[in-house]
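Have a look at the structure below, then the notes.
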Amino acid sequence: MKTPSNSTEVDFILLGLFSHTYAHLFLLSAVLVIFTTSLMGNTLMILLICRDPRLHTPMYFLLSQLSFMDMMLVSTIVPKMAANYLMNTRSISPAGCGSQIFLFLTLAGGECFLLAAMSYDRYVAICYPLRYHVLMSPKLCAYLTVGSWLLGAADGLMQAGTILSFPFCQSRTINHFFCEAPSLVRLACADTRVFEFFMYICCILMLLIPLSLVLASYSLILVAVLRMRSSAARKKAFATCSSHLAVVGLFYGAIIFIYMRPRSHQPGKSDKVVSAFYTIFTPVLNPLIYSVRNKEVKGALRKWLQKKV
């Protein structure tokens with residue numbers, strides 16, 4: 001018989017993503033390189049947007065917020081995971097676990113809404129270029145950004161507080177490399193059906209609705225691009241939209257795969273790999289996709305480097 005334990009006294013155990021083998025040590029090194037690259041790339045993106053007046057536009061303002069969210073996201077997950085591996089420990093305190101859940105859901109939820117706002121920005125820029133600065137005013141950008149942060153924080157606070165209020169069974173071992181809400185719900189010694197129902201409602205609000213807005217925006221963009229007479233303009237628009245959609249699809253698809261499944265599903269190694277996509281790999285892809293291929297960002301970087309030389 002499972003007996004509940006006090007959720008505020010005993011640490012949780014994270015099984016982690018890697019085992020102590022040379023092959024997995026190499027993989028951890030690769031993750032740390034990705035982590036460092038993500039921090040440097042997103043920091044550089046924010047600095048360029050702040051310093052260069054040519055980048056003071058709604059699109060780059062939203063992009064700077066995305067970069068900041070990505071920096072916080074990888075910093076929430078990777079340092080603890082690496083420290084546990086290198087120090088050969090697996091424990092995490094209930095407070096640390098709750099903090100990870102809150103920060104992850106705040107940032108991931110906020111990013112879902114922010115990506116929808118960015119797709120709307122691209123729709124307005126391509127379909128209504130002459131009214132762009134009216135439809136995407138600084139006031140609207142501020143509302144979209146604050147709304148993204150607040151909705152993500154509300155979801156994170158609600159889920160973290162509720163999950164940690166559950167009594168947990170003697171086994172407090174989490175088959176994951178960080179504290180993620182579905183993994184902890186499976187350990188609860190309580191009837192969580194009502195909470196799981198609300199989790200599904202949150203997933204619809206935080207994932208499916210923003211994803212629908214993204215798909216609708218890019219569908220309208222595609223129609224507008226197909227009407228362009230210039231083949232060069234069509235090619236450029238297709239290349240940009242396809243790369244954006246690839247990252248958006250990876251981010252939304254991976255999160256939906258983890259968060260919108262029944263509790264009866266037994267987590268495995270594949271779940272941890274899927275989680276790694278939106279916690280480790282997507283944050284390093286965003287600055288590459290949204291900035292490196294952008295002439296304005298390249299020009300701002302070149303100008304900044306020339307000043308330093």
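We're numbering straight along the sequence, starting at 1. All values below were derived from every heavy atom in this structure, side-chain atoms included, with hydrogens, water molecules and symmetry-related copies excluded.
Between I256 and C203, the closest side-chain pair of non-hydrogen atoms is not below 4.5 Å. Between M158 and C202 there is a side-chain heavy-atom pair separated by less than 4.5 Å. Between D11 and P94 there is a side-chain heavy-atom pair separated by less than 4.5 Å. Residues P182 and Y259 meet the side-chain proximity criterion, which asks for heavy atoms closer than 4.5 Å. In this structure, the side chains of L213 and F113 stay at 4.5 Å or more apart for every pair of heavy atoms. Contact annotation: the side chain of D155 never approaches that of L151 to less than 4.5 Å [non-hydrogen atoms, C-beta and beyond]. For the pair K272 and N175, the minimum side-chain heavy-atom distance is below 4.5 Å. R54 places none of its side-chain heavy atoms less than 4.5 Å from the side chain of Y60.
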Walk me through it: do R122 and M59 pass the test side chain to side chain contact (heavy atoms under 4.5 Å, CB included)?
CA-CA 8 Å; R122 291 299 83 207; M59 181 184 78; 3.2 Å; yes
Let me see the working for S38 and I280 under side chain to side chain contact (heavy atoms under 4.5 Å, CB included), right down to the final yes or no.
CA-CA 9 Å; S38 178; I280 299 173; over 6 Å; no
Might you work through the side chain to side chain contact (heavy atoms under 4.5 Å, CB included) test for L14 and M81, ending with a clear yes or no?
CA-CA 9 Å; L14 294 170; M81 180 188 73; over 6 Å; no
Tell me, with the steps shown, if F26 and T21 meet side chain to side chain contact (heavy atoms under 4.5 Å, CB included).
CA-CA 9 Å; F26 172 78; T21 63; over 6 Å; no
Passes ring-ring contact (aromatic ring centres under 6.0 Å, His included), F12 versus F168? Steps please.
CA-CA 10 Å; F12 293 99; F168 291 95; 5.2 Å; yes
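In this structure, D70 CG and L39 CG are separated by 10.5 Å, a value rounded to the nearest 0.5 Å. With rounding to the nearest 0.5 angstrom, the CD1 atom of I92 is 4.0 Å from the SG atom of C179. Between the CG atom of N42 and the CG atom of L288 there is a distance of 9.0 Å, given to the nearest 0.5 Å. Atom OG1 of T106 sits about 11.0 Å away from atom CD1 of I101, to the nearest 0.5 Å. Expressed to the nearest 0.5 Å, how far CD1 of I34 lies from OG of S29 amounts to 11.0 Å. Atom OH in Y120 sits 11.5 Å away from atom CD1 in I221 (nearest 0.5 Å).
No donor-acceptor pair closer than 3.5 Å links the side chain of T192 to the backbone N or O of F195. A donor-acceptor pair is defined here as one N or O able to donate and one able to accept, closer than 3.5 Å; such a pair exists between the side chain of S119 and the backbone of A116. Side chain of T76 to backbone of L103: no donor-acceptor contact under 3.5 angstrom is found. Judged by distance alone, the side chain of T43 and the main-chain N or O of M40 form no donor-acceptor pair under 3.5 Å.
Aromatic ring centres of F18 and F177: separated by at least 6.0 Å. A ring-centre distance under 6.0 Å is found for H20 and Y85. When ring centroids are compared, H176 and F178 come within the 6.0 Å threshold. Between Y278 and F104, the ring center distance clears the sub-6.0 Å criterion.
In the hydrophobic clustering of ILVMFWY residues, with side-chain heavy atoms under 4.5 Å counting as a link, I13 and L17 come out apart. Note on L73: it does not cluster hydrophobically with F102, by side-chain heavy-atom contacts below 4.5 Å among ILVMFWY residues. In the hydrophobic clustering of ILVMFWY residues, with side-chain heavy atoms under 4.5 Å counting as a link, L208 and I258 come out together. Note on Y128: it clusters hydrophobically with M136, by side-chain heavy-atom contacts below 4.5 Å among ILVMFWY residues. Hydrophobic cluster membership is shared by L211 and L107, with clusters built from Ile, Leu, Val, Met, Phe, Trp and Tyr side chains linked at under 4.5 angstrom.
The heavy-atom pair separating A160 from G98 by the smallest distance is CB-O, 3.8 Å. When every heavy atom of W304 is checked against every heavy atom of L44, the shortest pair comes out as CZ3-CD1, 4.1 Å. In terms of heavy atoms, L135 sits closest to L140 at O-CD2, 3.0 Å. The minimum heavy-atom distance linking A254 with F277 is given by the pair CB-CB, 4.5 Å. A181 approaches I163 most closely through the heavy-atom pair CB-CD1, 3.4 Å. Residue S64 comes nearest to I46 through the heavy atom pair O-CG1, 3.8 Å, listed as atom of the first residue, atom of the second, then distance.
Residue Y132 qualifies as enclosed at atom OH: its count of foreign heavy atoms under 6.0 Å is above 12. In the displayed structure, F68 atom CZ is contacted under 6.0 Å by at most 12 heavy atoms of other residues, nucleotides or ligands. Counting heavy atoms of neighbouring residues, nucleotides and ligands inside a 6.0 Å radius, atom NE2 of H56 exceeds 12 of them.
A side-chain contact (heavy atoms from CB on, under 4.5 Å) with N286 is found for exactly one of L66, L63, V248, namely L66.
With hydrogens and angles left out, the side-chain atoms of S275 and E180 include a donor and acceptor closer than 3.5 Å.
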